[in-house]
There are 2 protein chains.
Amino acid sequence: MKDVVSRCPIEETMRVLSGRWPTLLLYYLQDGTKRFSELRRDNPTVSHRILALELRKLEEAGIVRRTAHPGYPLRVDYDLTGPGRKLVPLIDALGAWWEHTEDDRINRPPTSEANLDTAA
Amino acid sequence: MKDVVSRCPIEETMRVLSGRWPTLLLYYLQDGTKRFSELRRDNPTVSHRILALELRKLEEAGIVRRTAHPGYPLRVDYDLTGPGRKLVPLIDALGAWWEHTEDDRINRPPTSEANLDTAA
DNA sequence: GCTTGGTTACAGAATAGTGCGTAATTTACA
DNA sequence: TGTAAATTACGCACTATTCTGTAACCAAGC
């Protein structure tokens with residue numbers, strides 16, 4: 001995904017949420033504040049670099065808030081902003097859609113021609 | 001995005017919807033059946049190869065139905081399946097979220113949570 | 001010298017775009 | 001009347017672009 005300036009809110013949203021990590025991070029941040037290292041432990045397959053990049057992207061989108069505490073060793077907290085928390089149920093709805101439509105998606109039923117709702 | 005087998009419905013959904021085109025195609029297919037060439041005209045910046053790949057991905061996910069009419073010149077129709085149509089309002093909700101939270105995301109207010117320290 | 005959060009440099013993987021080929025029928029035109 | 005050209009929805013091979021991972025390095029206090 002390139003940085004394409006679009007005025008379409010759906011495109012903008014997808015630009016931020018696309019990829020494996022954004023929704024996963026949303027998920028782990030639901031419970032509350034997490035540190036960088038905690039998020040790494042939460043899902044061990046994301047690389048150090050990519051986690052930092054993804055978190056920055058979410059921060060710039062206003063979904064995640066970054067709080068750096070002064071002093072060493074470094075300590076940085078991440079949590080969801082208000083908009084970020086509002087986003088969570090929408091993501092959950094997508095997951096629910098996937099689950100509840102599984103049979104229909106796999107069996108690929110005749111799908112009512114024009115507008116005749118034949119089922120479901 | 002690699003092909004990662006996951007049982008998480010959110011990950012599965014994002015695997016299908018990630019990228020610039022899936023949601024756009026959903027958008028253009030809302031109105032009804034479209035031919036390949038129409039979808040290309042709808043958004044001229046997608047290459048024919050990618051459009052074909054994206055449509056196939058959506059078809060395999062059970063979101064889009066492909067109907068090839070025999071004969072030449074070739075004629076292929078695409079439309080949304082039942083699950084595909086159910087997905088549309090969820091995508092719209094994401095767009096609405098983006099729009100309605102714009103101020104909050106950009107101004108980054110103190111985020112009414114417990115941690116009331118160093119707010120930017 | 002360990003810690004934590006982050007950045008940079010480089011390499012390798014994945015993804016996207018370009019142009020050519022194809023099929024069978026219709027149309028174009030000399 | 002014969003033939004060349006256009007049409008549609010791709011597949012394929014090749015190239016260009018972008019993304020991701022790995023490893024090294026930094027900061028400063030303990």
Side-chain angles (χ1 to χ4, degrees), chain A residues 1-6 11 14-25 28-29 32-61 63-80, chain B residues 1-6 11 14-25 28-29 32-61 64-79 115 117-118 120:
Chain A
M1 283 301 271
K2 254 190 302 201
D3 260 54
V4 178
V5 179
S6 89
E11 277 187 80
M14 290 313 294
R15 195 171 49 74
V16 174
L17 296 185
S18 279
R20 274 223 283 165
W21 309 121
T23 51
L24 265 186
L25 295 179
Y28 286 119
L29 286 172
T33 300
K34 290 265 178 114
R35 299 183 55 180
F36 186 85
S37 50
E38 288 180 284
L39 289 170
R40 286 218 66 188
R41 248 164 295 156
D42 281 336
N43 66 357
T45 61
V46 68
S47 71
H48 188 78
R49 194 175 81 95
I50 294 301
L51 179 56
L53 289 175
E54 294 289 333
L55 284 170
R56 178 168 300 281
K57 189 176 70 173
L58 291 174
E59 189 198 355
E60 277 165 11
I63 293 170
V64 158
R65 177 178 57 165
R66 195 187 102 108
T67 311
H69 302 278
Y72 286 81
L74 292 174
R75 184 193 170 83
V76 179
D77 286 338
Y78 291 93
D79 64 348
L80 296 182
Chain B
M1 286 293 284
K2 258 190 300 204
D3 259 53
V4 178
V5 180
S6 88
E11 276 187 80
M14 291 312 295
R15 195 172 48 74
V16 173
L17 296 186
S18 280
R20 272 224 282 166
W21 310 121
T23 51
L24 266 185
L25 295 178
Y28 286 120
L29 287 171
T33 300
K34 289 268 178 110
R35 298 183 54 180
F36 187 85
S37 50
E38 290 181 285
L39 290 170
R40 284 217 68 189
R41 250 163 303 170
D42 282 338
N43 66 355
T45 59
V46 69
S47 70
H48 72 265
R49 193 175 80 93
I50 294 303
L51 179 57
L53 289 175
E54 294 289 335
L55 284 170
R56 180 165 300 281
K57 189 176 71 174
L58 291 174
E59 189 199 354
E60 278 166 11
V64 158
R65 177 178 58 165
R66 195 187 103 108
T67 312
H69 303 279
Y72 289 79
L74 292 174
R75 184 189 171 82
V76 180
D77 287 338
Y78 291 94
D79 65 346
N115 303 339
D117 43 29
T118 51

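Per chain, numbering begins at 1; letters A, B, ... match sequence-line order. Predicted, not measured: the structure shown is a model, and the values here were computed from it.
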Worksheet item: Of A:Leu53 and A:Leu74, whose nearest nucleotide on DNA chain D comes first from the 5' end?
Response: A:Leu53
Worksheet entry | 5'-most by nearest nucleotide on DNA chain D - A:Val46 or A:Tyr72 |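 By nearest-heavy-atom nucleotide position, the 5'-most residue is A:Val46.
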Among [options], find the nucleotide with the atom closest to the side chain of [X].
X       : options                : result
B:Val76 : D:dA9, C:dT4, D:dG21   : D:dA9
A:Arg49 : C:dG5, D:dG11, C:dA9   : C:dA9
A:Ser37 : C:dT4, D:dC10, C:dG5   : C:dG5
B:Pro73 : D:dA9, D:dT7, C:dT18   : D:dT7
A:Ser47 : C:dT18, D:dT22, D:dC10 : D:dT22

Item to complete: Decide yes or no, distance alone: a donor-acceptor N/O pair under 3.5 angstrom between the base of C:dG19 and the side-chain of B:His48.
Response: yes
Whole angstrom is fine here: how far is it from [atom1] in [X] over to [atom2] in [N]?
X       : N      : atom1 : atom2 : answer
B:Leu55 : C:dA16 : CG    : P     : 13 Å
A:Lys34 : C:dG5  : NZ    : C1'   : 17 Å
B:Glu54 : C:dA16 : CD    : P     : 6 Å
A:Glu38 : C:dT3  : CD    : C1'   : 16 Å
B:Asp42 : D:dA9  : CG    : P     : 13 Å
B:His69 : D:dT8  : NE2   : C1'   : 12 Å
B:Arg41 : D:dT8  : CZ    : C1'   : 11 Å
A:Asp77 : C:dG5  : CG    : C1'   : 12 Å

Worksheet entry | salt_bridge(B:Glu54, B:Lys57) N-O dist < 4.0 Å |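 Salt bridge between B:Glu54 and B:Lys57, a charged N being under 4.0 Å from a carboxylate O: yes.
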Practice prompt. Could you label the plane-to-plane angle of the A:His48 and A:Phe36 rings as parallel, tilted or perpendicular, counting under 30° as parallel and over 60° as perpendicular?
Written response: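 Because their plane-to-plane angle is over 60°, the rings of A:His48 and A:Phe36 count as perpendicular.
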Is any side-chain N or O of [X] closer than 4.0 Å to OP1 or OP2 of [N]?
X       : N      : value
B:Tyr78 : D:dC10 : yes
B:Arg56 : D:dG11 : yes
A:Arg35 : C:dG5  : yes

Worksheet item: Which residues satisfy the side chain to side chain contact (heavy atoms under 4.5 Å, CB included) test with A:Tyr72, sequence neighbours excluded?
Response: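 Only A:Leu74 meet the side chain to side chain contact (heavy atoms under 4.5 Å, CB included) criterion with A:Tyr72.
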Fill in: Check: A:Val46 main-chain N/O paired with A:Arg40 side-chain donor or acceptor under 3.5 Å
yes
Worksheet item: Heavy atoms under 4.0 Å, any strand shown: does A:Arg40 hit a base, just sugar-phosphate, or nothing?
Response: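 Nothing, no heavy atom under 4.0 Å.
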Practice prompt. List for me each residue that meets salt bridge (Lys or Arg N to Asp or Glu O under 4.0 Å) alongside B:Asp77, sequence neighbours excluded, and say none if there are none.
Written response: none
